[in-house]
> 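Below are the structure tokens for one structure; questions will follow.
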Amino acid sequence: MRTPFVAGNWKMNKTIAETRELVAAMKTGLSGVGGVEKVICPPFMALAEASELLKDSEIGLGAQNLHWEEKGAFTGEVAPGMVKELCGYVILGHSERRAYFGETDEIVNRKLLAAQKFDLTPIVCVGETLEQYESNQTRDVVMRQTGLGLKGVSAEFASRIVVAYEPVWAIGTGKASNGKEANAVVKDFIRPAIAELYGEQTAQAIRVLYGGSVTGANAAEFFSEPDIDGALVGGASLKVEDFVQIVTHSKA
Ligand code: PGA
């Protein structure tokens, strides 16, 4: 049995003051919703504040990125040890980082190795663009991103990785995929790519999420699929009611 997992990716939204308000409302809204691993990922600037506020809470805290080096002359970057001081989780290889900041599968993999070294649970994002979807490349893209992104960690750490299948055409567009189609990608491409690296047992142990225009209204459709273990939520993670509804629906 895989424990359901829901993470909110706030992206570049919310100041420290706004974070204070939203975290307080999330704590209230999510109190008593057990049996789900729930995580919020505010921007770097607000992580210290959020970690203070979440001290006595079951809500986990994640960063949206990290640099793979431990320290040094990397202006503007944030080291994994700095993330670890505040967070237990980190999102890696989000499609916006791949598209706007040149992140390759090799870079995602270096970051994954850094997450392992600093004992951070990674949420690794994979997914095809609209062009790749329309030209039937989903299998190749998703298997390549999973295979190259996840390689080289210990078997023990591998089973802790969370993968998010996020078709790029569904992110922020209001056009979510559908449960059946997303489940098929997870079952036929993502878990087999993990099995190639770490064996069938690990492939079955890893939580795989769906992401892309998930809302309180459509979440249940995805969660009813056997290979989808939760969601990575963008826009709707900024709305308390929606996010609470999504977390509640994810319970097995
Ligand atoms: P969305 O974003 O829910 O706003 O589509 C999802 C994501 O980017 O992780």
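What you see below is based on every heavy atom in this structure, not just the backbone, and it leaves out hydrogens, waters and symmetry mates. First listed ligand is number 1; within each ligand, the first listed atom is number 1.
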> Looking at Phe157, does the NZ or CZ of Arg160 lie under 6.0 angstrom from its six-membered ring centre and within 45 degrees of the ring axis?
no
> Near Gly172, which atoms of ligand 1 are under 4.0 Å from a heavy atom of that residue?
1 (P), 4 (O), 5 (O)
> For atom 3 (O) of ligand 1, grab the closest protein heavy atom and report residue, atom and distance to one decimal in Å.
Gly234 N, 2.8 Å
> If I compare all heavy atoms of Ile194 with all of Thr146, which pair ends up nearest, and what's the gap?
CG1-CG2, 3.8 Å
> Suppose we screen for salt bridge (charged side-chain N to carboxylate O under 4.0 Å, His left out). Which residues come up paired with Asp227, at least two apart in sequence or across chains?
Arg191
> Check if Ala170 has a non-hydrogen atom at a distance under 4.0 Å from any atom of ligand 1.
yes
> Which one of Gln145, Arg110, Lys151, Arg144 satisfies the side-chain hydrogen bond (donor to acceptor under 3.5 Å, both in side chains) criterion with Asp105?
Arg144
> Closer than 4.0 Å to some heavy atom of Leu232 - which atoms of ligand 1 meet that?
9 (O)
> Please say whether more than 12 non-hydrogen atoms of neighbouring residues, nucleotides or ligands are located less than 6.0 Å from CD in Gln137.
yes
> Tell me whether the centres of the aromatic rings in His67 and Phe74 are closer together than 6.0 Å.
yes
> List the closest protein heavy-atom neighbour of atom 4 (O) of ligand 1: residue, atom name, distance to the nearest 0.1 Å.
Gly235 N, 2.8 Å
> I'd like to know if Gly211 contacts ligand 1, where contact means a heavy-atom distance under 4.0 Å to any ligand atom.
no
> In ligand 1, which numbered atoms sit nearer than 4.0 Å to a non-hydrogen atom of His94?
7 (C), 8 (O), 9 (O)
> Within ligand 1, which atoms have a heavy atom of Lys11 less than 4.0 Å away?
2 (O), 7 (C), 8 (O)
> Who passes side chain to side chain contact (heavy atoms under 4.5 Å, CB included) against Ser51, sequence neighbours left out?
Leu61, Leu86
> Taking 4.0 angstrom as the limit and counting only heavy atoms of Gly212, give me the atoms of ligand 1 inside it, by number and element.
5 (O)
> I need the nearest protein heavy-atom contact for atom 7 (C) of ligand 1: residue, atom name and distance, please.
Glu166 OE2, 3.2 Å
